[in-house]
Amino acid sequence: MKIIHNYSLLHHNTFGIDARAACFVEYETPEELVNFLVSGINESRLPLLCIGGGSNLLFTSDYRGTVLHSAIKGYEVVNETSEYVDVCVGSGEKWDDVVAYAVSNKWYGAENLSFIPGEVGASAVQNIGAYGVEVKDLIVSVSAVCVSDGTSRTFTNEECCYAYRESVFKKELKGQYIITDVTYRFSKKAKWNLDYGNIRTELAAMEGSLTLESLREVIRRIRERKLPDPVQIGNAGSFFMNPIIQKTQYDDLCGSYPDMPCYPVCENKVKIPAGWMIDRCGWKGKTIGRVGVHEHQALVLVNRGGATGKEVMDLAALIAASVFDKFGIMIYPEVNYI
């Protein structure tokens, strides 16, 4: 277990914000985590913040507590039938490595979630999703440690209370549990999800038949065109959640904006692409000081170099206000402000 004081978090957040933590702790096993929580080592350095790859965080100031990071690794097949396989994965594994692992074994279900940054533990907290798939569709159970007493608990999928970019770990139990491993269920039979965005168009342009590998490659190409590489320019991918509104409100808006896209959620509700609205408000490619909106994807806020978290937060507030003024729809950050 590593314990480092006055630690820079620059390389632990994809926005590239140079915030510091009073203490940084990295543990390699659940037992190390429990020992840290119950030993009293951290008593003078509360609060605690558990992070993954930092792809969904915005540090608005230094963190005056202890940052915990999982280095729990490993894959274990815990259940297998002729139709599916359940794999338990350590919370410190990179999410895209899990997708690559499933694809290499010809297991279906995760391929649309290819090349999403972040780690396994965070995937279960955030309920990551892309191209018509959410990770909740794959999760069987989540194992976690209680922060207050170090006891272990396994949550079923239902107990995680998953919704669009939501889970019990972001609401009722926020800050109360730290995830140590996640069990995913992959299908051994083909289950394609090709109707979101321009996946079918991209596939048609490729030579050869539809395979897990070819679909993963299509997802890579689409993401690379739309989302900038955090190594090149600081960002957290999609900054805002796509709002869900009543279909009646959408029908009214179509009178003024007939090209407004939507995705059905249920009989009475639709999901509106936040990026489309931000673009229509004129934000795409715009820069204010050291922060801005990406030239090719209005949903992505970027650190042009040396920005603070507060500068990003202020830009996000301006964007949200302009969207509400124009469309009467509130948009909320997908990124967590720390």
Side-chain angles (χ1 to χ4, degrees), residues 55-56 109-118 122-139 157 160-168 170-171 191-202 215 218-219 222-223 225-227 235-284 293-294 296-301 316-317 319-336:
S55 59
N56 204 46
E111 55 279 356
N112 285 41
L113 303 179
S114 290
F115 301 102
I116 295 177
S123 78
V125 173
Q126 181 69 11
N127 184 24
I128 58 174
Y131 305 108
V133 177
E134 293 178 308
V135 79
K136 72 175 179 61
D137 304 325
L138 304 173
I139 290 176
N157 183 291
C160 291
C161 300
Y162 284 122
Y164 175 60
R165 302 296 183 270
E166 291 288 359
S167 73
V168 71
K170 292 183 69 177
K171 289 189 172 181
K191 294 183 177 180
W192 305 110
N193 194 323
L194 308 176
D195 295 323
Y196 197 97
N198 58 341
I199 291 178
R200 288 190 183 275
T201 302
E202 291 284 340
L215 181 52
V218 161
I219 299 297
I222 295 173
R223 289 187 68 87
R225 282 200 303 269
K226 294 177 62 176
L227 302 172
N235 73 93
S238 298
F239 193 92
F240 293 98
M241 294 184 286
N242 293 320
I244 296 173
I245 66 172
Q246 294 291 326
K247 189 174 185 302
T248 52
Q249 183 182 4
Y250 170 75
D251 291 340
D252 289 341
L253 284 166
C254 282
S256 300
Y257 309 100
D259 61 334
M260 188 180 208
C262 77
Y263 299 96
V265 173
C266 61
E267 183 179 353
N268 300 317
K269 294 183 179 181
V270 296
K271 185 186 296 182
I272 308 298
W276 183 90
M277 292 189 292
I278 295 168
D279 189 7
R280 292 304 183 277
C281 289
W283 284 102
K284 184 186 287 187
V293 180
H294 194 254
H296 303 302
Q297 174 52 268
L299 201 55
V300 177
L301 274 57
I319 292 171
S322 69
V323 168
F324 183 77
D325 288 343
K326 190 175 184 69
F327 298 102
I329 298 174
M330 288 296 301
I331 58 173
Y332 298 95
E334 182 175 332
V335 172
N336 296 300

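Everything numeric here is computed off the predicted structure, so don't read it as measured data.
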Return the [atom1] to [atom2] distance between [X] and [Y], rounded to the nearest 0.5 Å.
X: Y131; Y: L215; atom1: OH; atom2: CG; value: 11.0 Å
X: I319; Y: L299; atom1: CD1; atom2: CG; value: 9.5 Å
X: I199; Y: L194; atom1: CD1; atom2: CG; value: 6.5 Å
X: S238; Y: I128; atom1: OG; atom2: CD1; value: 12.0 Å
X: I331; Y: F239; atom1: CD1; atom2: CZ; value: 9.5 Å
X: N268; Y: Q249; atom1: CG; atom2: CD; value: 13.5 Å

Taking every non-hydrogen atom, the tightest pair across [X] and [Y]:
X: F240; Y: A274; result: CB-CB, 4.3 Å
X: L113; Y: A130; result: CD2-N, 3.4 Å
X: C281; Y: S322; result: SG-O, 3.7 Å
X: M330; Y: F324; result: SD-CD1, 3.5 Å

Sidechain-backbone polar pair: [X] side chain, [Y] backbone, donor-acceptor under 3.5 Å:
X: R165; Y: G129; answer: yes
X: N56; Y: E334; answer: yes
X: N235; Y: L301; answer: no
X: N112; Y: G132; answer: no

Item to complete: Measure the acute angle between the ring planes of W276 and Y257, then classify it against the limits of 30° and 60° as parallel, tilted or perpendicular.
Response: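 W276 and Y257: perpendicular rings.
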
Worksheet item: Does NZ belonging to K170 count more than 12 external heavy atoms closer than 6.0 Å?
Response: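 Counting neighbours around NZ of K170, more than 12 heavy atoms of other residues, nucleotides or ligands fall under 6.0 Å, so yes.
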
Practice prompt. Report, as yes or no, whether the 6.0 Å neighbourhood of atom NZ on K284 holds more than 12 heavy atoms from other residues, nucleotides or ligands.
Written response: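 Yes, NZ of K284 has more than 12 neighbouring heavy atoms, counting only those of other groups under 6.0 Å.
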
Residue pair [X] / [Y], side-chain heavy-atom distance below 4.5 Å:
X: Y250; Y: M260; value: yes
X: M277; Y: I329; value: yes
X: Y263; Y: P273; value: yes
X: I139; Y: Y162; value: yes
X: S256; Y: F327; value: no
X: Y164; Y: N127; value: no
X: V323; Y: I278; value: yes

Worksheet entry | Contacts of V168 that satisfy side chain to side chain contact (heavy atoms under 4.5 Å, CB included) - sequence neighbours left out |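 With sequence neighbours excluded, V168 shows a side chain to side chain contact (heavy atoms under 4.5 Å, CB included) to C161, E172, L173, given in chain and number order.
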
Worksheet entry | Lys/Arg N to Asp/Glu carboxylate O, R225 vs E202, below 4.0 Å |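 Between E202 and R225 there is a salt bridge, with a charged N closer than 4.0 Å to a carboxylate O.
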
Discussion item. Is there a side-chain contact (heavy atoms from CB on, under 4.5 Å) between I222 and N198? Walk through the geometry before answering.
Written reply: CA-CA 8 Å; I222 295 173; N198 58 341; 3.5 Å; yes

Item to complete: Could you list all the salt bridge (Lys or Arg N to Asp or Glu O under 4.0 Å) pairs where at least one residue sits in residues 252-272, not counting sequence neighbours?
Response: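 The answer is D259-R280.
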
Item to complete: Go through the steps to decide whether Q297 and D279 satisfy the test side-chain contact (heavy atoms from CB on, under 4.5 Å), and finish with yes or no.
Response: CA-CA 8 Å; Q297 174 52 268; D279 189 7; over 6 Å; no

Discussion item. Run V300 and V293 through side-chain contact (heavy atoms from CB on, under 4.5 Å) and show every step you take.
Written reply: CA-CA 6 Å; V300 177; V293 180; over 6 Å; no

Worksheet entry | Contacts of type side-chain hydrogen bond (donor to acceptor under 3.5 Å, both in side chains), residue S167, not counting sequence neighbours |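 Scan of S167 (side-chain hydrogen bond (donor to acceptor under 3.5 Å, both in side chains), adjacent residues dropped) gives none.
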
